[in-house]
Amino acid sequence: MRATVEDLRTEIEIVREVAFSEEQQPKDYIVSRGVEPSATDRPPWTTYGYRQALPKLLGLDVMEFIQGVVDRRGMARVLDVGCGSGRFLDQCKRGYRRYADGLTVPGWNEKVECYGLTACLYNSAELDSVPAGIHMKLGDAQNLARLYYGQSFDVITAVHVAHHVADPWALFFGMYEKLADGGGCFVRGIPFSLVDGEDANLADYLRARYSATVNEPYFDRRYQERCADISMVRRRGVPLVLPLNYAGINDRPLIPRVLYRFDPTVAFQPAFA
Ligand SMILES: C[S@@+](CC[C@H](N)C(=O)[O-])C[C@H]1O[C@@H](n2cnc3c(N)ncnc32)[C@H](O)[C@@H]1O
């Protein structure tokens, strides 16, 4: 039995690397969402930016939440996991022109420290290189604890990223671990398809235990996979205990996916954390 559990963890490490290396190739999907919809968005794939894509937290959208941190602490550290071209971070820093009314929204400039993680470096129509003043890193979002060892962030976002990795709950676990006390994480599109069909229990658990916002899981248009959006605050001294266990691997071509089952008797420990 012990050998079987270890074999599974080894397989998980391998499929995580497979998914990551697949993402190191340039892709045709949207990689440059900004704060709000803009002229460069291409319907029908996206008509929204981060402000619309991410669920509110404590009644605040992601920009209002960042503003709250800046007001309280004088500055905010923001990490965008799977940041694509980095346009959201660039707009947080330098501001942007609103598509709807043409008004210029000022950036937080030196009041925000921006960190972007991506599997692949992209350009966008507006940014012909890595945006200035943003700490951009190439690395695997499934290993956040290792990549950002000794660092913490006030806000961590992940928009349309979790369904590209093999082990999405390892990504989410790492996001929570890297939050400062009182910090918030915001996720758009995390696969919610437990092998035992206990998705509703997982959502209820996160709502009850962590006051998380978890919307009803929906089917993603492009991947036909049931996903949910989550936002959550890290409370001082409260670790994330996820009642999940690895349950095997769904060996799909190109993007393998780790399977999970709901188990209230365990605390999820990501393989290769
Ligand atoms: C669909 S794009 C979304 C980009 C951006 N968040 C947006 O909404 O415009 C997916 C992004 O996730 C990144 N990504 C996918 N798998 C990753 C992984 N394992 N580690 C780090 N980044 C990853 C890709 O390189 C890309 O930047």
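Model, not experiment: these values are computed from the prediction. Each ligand, and each atom within it, is numbered from 1 in the order the structure gives.
- Residue, atom and distance of the protein heavy atom nearest to atom 2 (S) of ligand 1 are Ile30 O, 3.4 Å.
- Nearest heavy atom pair, residue Pro243 against residue Leu202, reads CD-CD1, 4.2 Å.
- In this structure, the protein non-hydrogen atom closest to atom 10 (C) of ligand 1 is His160 O, 3.5 Å.
- For atom 7 (C) of ligand 1, the closest non-hydrogen atom on the protein side is Arg33 NH1, 3.3 Å.
- With Pro168, Gly84, Ala141, Ser21 as candidates, the residue nearest to atom 20 (N) of ligand 1 on a non-hydrogen basis is Ala141.
- Arg261 forms no cation-pi arrangement with Tyr246, by the criterion of a distance under 6.0 Å to the ring centre and an angle within 45° of the ring axis.
- When the options Met232, Arg209, Glu177 are evaluated for a side chain to side chain contact (heavy atoms under 4.5 Å, CB included) with Leu240, the one that passes is Met232.
- Judged by distance alone, the side chain of Gln151 and the main-chain N or O of Tyr148 form no donor-acceptor pair under 3.5 Å.
- No donor-acceptor contact under 3.5 angstrom links the side chains of His163 and Glu225, judged on distance only.
- Side-chain atoms of Tyr96 and Asp90 include no donor-acceptor pair closer than 3.5 Å.
- If you number the atoms of ligand 1 from 1 as listed, the ones under 4.0 Å from a heavy atom of Val161 come out as 12 (O).
- Judged by the 6.0 Å distance and 45° axis criteria, Arg77 is positioned over the aromatic ring of Phe153.
- For ligand 1, the atoms sitting less than 4.0 Å from at least one non-hydrogen atom of Tyr122 are 25 (O), 26 (C), 27 (O), numbered in the order shown with element in parentheses.
- In the vicinity of Cys120, heavy-atom distances shorter than 4.0 Å reach the ligand 1 atoms 25 (O).
- Put simply, no part of Phe88 is less than 4.0 Å from ligand 1, judged by heavy atoms.
- For ligand 1 and Gly139, the ligand atoms under 4.0 Å from any heavy atom of the residue are 20 (N), 21 (C).
- For a threshold of 3.5 Å applied to N or O pairs, the pair formed by Thr118 and ligand 1 contains at least one separation below that value.
- Not one N or O of Leu117 is nearer than 3.5 Å to an N or O of ligand 1, by distance alone.
- Among protein heavy atoms, atom 13 (C) of ligand 1 sits closest to Gly82 CA, 3.7 Å.
- For atom 16 (N) of ligand 1, the nearest non-hydrogen atom of the protein is Glu23 CG, 3.3 Å.
- Remark: the Tyr50 side chain and the Asp61 side chain contain no N/O donor-acceptor pair separated by less than 3.5 Å.
- A centroid separation of less than 6.0 Å is found between the aromatic rings of Trp169 and Phe192.
- Each of Tyr115 and Val35 belongs to its own hydrophobic cluster when Ile, Leu, Val, Met, Phe, Trp and Tyr are linked at side-chain heavy-atom distances under 4.5 angstrom.
- Close approach of ligand 1 to Asp140 (heavy-atom distance below 4.0 Å) involves ligand atoms 18 (C), 19 (N), 20 (N).
- Each of Ile14, Asn250, Val15 was checked for a side chain to side chain contact (heavy atoms under 4.5 Å, CB included) with Pro256, and the lone residue meeting it is Val15.
- The Ser32 neighbourhood of ligand 1 comprises atoms 9 (O), with distances under 4.0 Å to a heavy atom of that residue.
- Close approach of ligand 1 to Phe20 (heavy-atom distance below 4.0 Å) involves ligand atoms 18 (C), 19 (N), 20 (N).
- When only interatomic distances are considered, the shortest N/O to N/O separation between Tyr50 and ligand 1 falls below 3.5 Å.
- Ranked by closest heavy atom to atom 23 (C) of ligand 1, the top entry among Ala119, Ala166, Ala170 is Ala119.
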